[in-house]
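I have placed the structure first, in the form of structure tokens, so that the comments after it can refer back to it.
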Amino acid sequence: MIAEVTTPKELQKMDPVFGQVSFDNHEQIVFCNDKDTGLKAIIGIHNTVLGPALGGTRMWNYTNEWEALNDVLRLSRGMTFKSAITGLNLGGGKAVIIGDAKTQKTPELMRKFGEFVHSLSGKYITAEDVGMQTEDMDTVRDVTPYVTGISETRGGSGNPSPVTAFGVYMGMKAAAKYKFGSESLAGIKVLVQGIGHVGETLVDYLTKEGALVTISDINESRLNEVGALYGAKIYSGSDLYSADVDIYAPCALGATINDDTVYKLNASIVAGAANNQLANENIHGKILQERGILYAPDFLINAGGIINVYAEIEHYDKAEAMRRTENIYNTTLEIFDYAVKNNMTTHQAALTIAQNRINQRKKESGK
């Protein structure tokens, strides 16, 4: 039996990598495969002008390889601008492992992945993301030093999720200040979509301040657990995006602001932890602006996690990580002002400022 093989001519027509819509002049895309452990991973290195490409590893049961490729391209690009906008000397990278983290992740698979990371000689530094835990990063650390987010007992900064949530909380307060005239979230109706590690911590911050929190998640038992713990209301309607809330906080996977949802939103603010919330950053960012919905750029307000793991490289303590993350509040307000002054969306404003920093460094280094 002869397997069907795509001919070089057919493959050229497909433009499988460079022709992807999400491809944005990435420096390097690495496909990793290991038969013995079942590892199938993709590492995306978008830009290293400001420093090594640091970004987490996500393990997800993607529908197909194209979906995984698209995700790693979008995520790695976002990391470039996340580091640039927050003033970190880091580039943008990300990795995805194709598979079910609950049933297919093994120590052997993680060590093999670590070997692939190590083969890049520090150009890419990994960390944890969706489907990963601190102990997984400890396993990767057994075979390479190019990993952050390892446990505090091993000299790391630990789980970055709480710091990510704090940054989102700061960005949300800045958005409330700009939109409503007060940073106080007491009495403000907030819908948190996705209550993983980051989402739950955000719910904690919000409820302690007196916000009226509604939560949504595909995991019903998790919903009931978090709802009971924080006294949050569980969303029970049929159209999440039409919910009567002041702030919509997407904290699960990206692209929830898309052609199907962007006109349904009743919220006055979009501010959440998810990456790549805008399915099309130009089209959907503009529609939000035209509808008077204030968008807090995701790669800015969810940068607390990378600020936290950057401490392992720059050797500052947890207090300094929190101080730097708190400054997301001021940066968010600056982005809003910049957008108005330059007649652009808030997403475009954040991208412009981040790209200007990269261009300046490139000019200085002569690269």
Side-chain angles (χ1 to χ4, degrees), residues 28-45 52-76 79 93-162 164 194-200 217-222 225 251-254 274-275 305-306 308-309 312:
Q28 192 171 2
I29 311 296
V30 182
F31 290 82
C32 314
N33 178 71
D34 181 66
K35 180 181 178 181
D36 292 336
T37 62
L39 174 72
K40 292 186 183 299
I42 309 173
I43 299 172
I45 299 173
L54 192 154
T57 296
R58 170 174 296 185
M59 188 167 187
W60 191 256
N61 203 14
Y62 293 98
T63 304
N64 52 55
E65 292 171 18
W66 300 116
E67 187 179 74
L69 175 61
N70 181 62
D71 204 26
V72 79
L73 290 174
R74 283 169 60 88
L75 291 167
S76 55
M79 293 305 297
K94 206 80 174 183
V96 298
I97 297 176
I98 301 171
D100 189 330
K102 294 180 180 179
T103 60
Q104 295 176 274
K105 183 172 59 178
T106 64
E108 292 76 20
L109 182 143
M110 293 309 304
R111 277 192 286 271
K112 179 57 66 173
F113 173 71
E115 291 176 13
F116 279 106
V117 171
H118 191 70
S119 71
L120 294 170
S121 303
K123 188 175 183 180
Y124 169 66
I125 301 171
T126 196
E128 65 185 76
D129 200 289
V130 175
M132 291 291 156
Q133 306 292 337
T134 304
E135 52 264 34
D136 297 318
M137 296 304 104
D138 286 347
T139 301
V140 172
R141 182 64 181 83
D142 291 339
V143 295
T144 182
Y146 306 122
V147 56
T148 56
I150 59 176
S151 61
E152 294 181 61
T153 56
R154 296 189 61 169
S157 57
N159 185 354
S161 297
T164 301
I195 46 174
H197 296 306
V198 176
E200 180 182 349
D217 197 280
I218 58 175
N219 187 327
E220 189 173 342
S221 62
R222 179 82 175 140
E225 177 187 347
C251 295
L253 297 181
N275 289 306
I306 196 169
N308 184 67
V309 297
E312 297 178 32

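Throughout, residue positions are numbered sequentially from 1 according to the sequence presented. In what follows, every heavy atom counts, from backbone to side chain, and hydrogens, waters and symmetry copies are set aside.
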Phe113 and its side chain to side chain contact (heavy atoms under 4.5 Å, CB included) partner, picked from Asp136, Thr139, Ile97: Ile97
Contacts of Ser157 meeting side chain to side chain contact (heavy atoms under 4.5 Å, CB included) (sequence neighbours excluded), chain-then-number -> Asn308, Val309, Glu312
How far does OG1 of Thr126 sit from CD1 of Ile150, to the nearest 0.5 angstrom? 12.5 Å
Go through the structure and list residues passing salt bridge (Lys or Arg N to Asp or Glu O under 4.0 Å) with Asp217, not counting sequence neighbours. none
Qualifying residue, where the test is side chain to side chain contact (heavy atoms under 4.5 Å, CB included) with Val117 and the options are Thr57, Val147, Ile43, Val143: Ile43
Heavy atoms, side chains only, cut-off 4.5 Å: are Gln133 and His197 in contact? yes
I need the minimum non-hydrogen distance between Cys251 and Gly194, along with the two atoms involved. CB-O, 3.4 Å
Spacing of Thr134 atom OG1 and Arg141 atom CZ [to the nearest 0.5 Å]: 15.0 Å
Mind checking the CD-CE spacing from Glu135 to Met137? Nearest 0.5 Å is all I need. 9.5 Å
For Gln28, side-chain hydrogen bond (donor to acceptor under 3.5 Å, both in side chains) partners two or more places apart: Lys123
Sorted by chain and number, sequence neighbours left out, side-chain hydrogen bond (donor to acceptor under 3.5 Å, both in side chains) with Ser76 holds for His26
Gly122 to Pro52 - nearest heavy-atom pair and separation: O-CB, 3.4 Å
Sorted by chain and number, sequence neighbours left out, side chain to side chain contact (heavy atoms under 4.5 Å, CB included) with Met79 holds for Lys82, Lys94, Ile306
Can you list the residues that meet the salt bridge (Lys or Arg N to Asp or Glu O under 4.0 Å) rule with Glu128, with sequence neighbours excluded? none
Roughly how far apart are Gln104 CD and Leu39 CG, rounded to 0.5 Å? 11.0 Å
Any residue meeting salt bridge (Lys or Arg N to Asp or Glu O under 4.0 Å) with Lys40, in chain and number order, not counting sequence neighbours: none
CG of Leu54 to CD1 of Ile125: how many Å apart, nearest 0.5 Å? 5.0 Å
If you look only at pairs with a residue in residues 64-75, which of them pass as a salt bridge (Lys or Arg N to Asp or Glu O under 4.0 Å), with sequence neighbours excluded? Arg58-Asp71
Who are the side chain to side chain contact (heavy atoms under 4.5 Å, CB included) partners of Ala127, not counting sequence neighbours? Thr148
Inter- and intrachain pairs under side chain to side chain donor-acceptor pair (under 3.5 Å), touching residues 110-119, at least two apart: Lys112-Glu115, His118-Thr144
Residue set satisfying salt bridge (Lys or Arg N to Asp or Glu O under 4.0 Å) with Glu152, at least two apart, ordered chain then number -> none
Does any non-hydrogen side-chain atom of Trp60 lie less than 4.5 Å from one of Val96? no
Identify the heavy atoms of Tyr124 and Tyr146 that sit nearest to each other, and give their distance. O-CB, 3.8 Å
Check side chain to side chain contact (heavy atoms under 4.5 Å, CB included) between Ala274 and all other residues, then give those that pass, not counting sequence neighbours. Pro250, Gln277
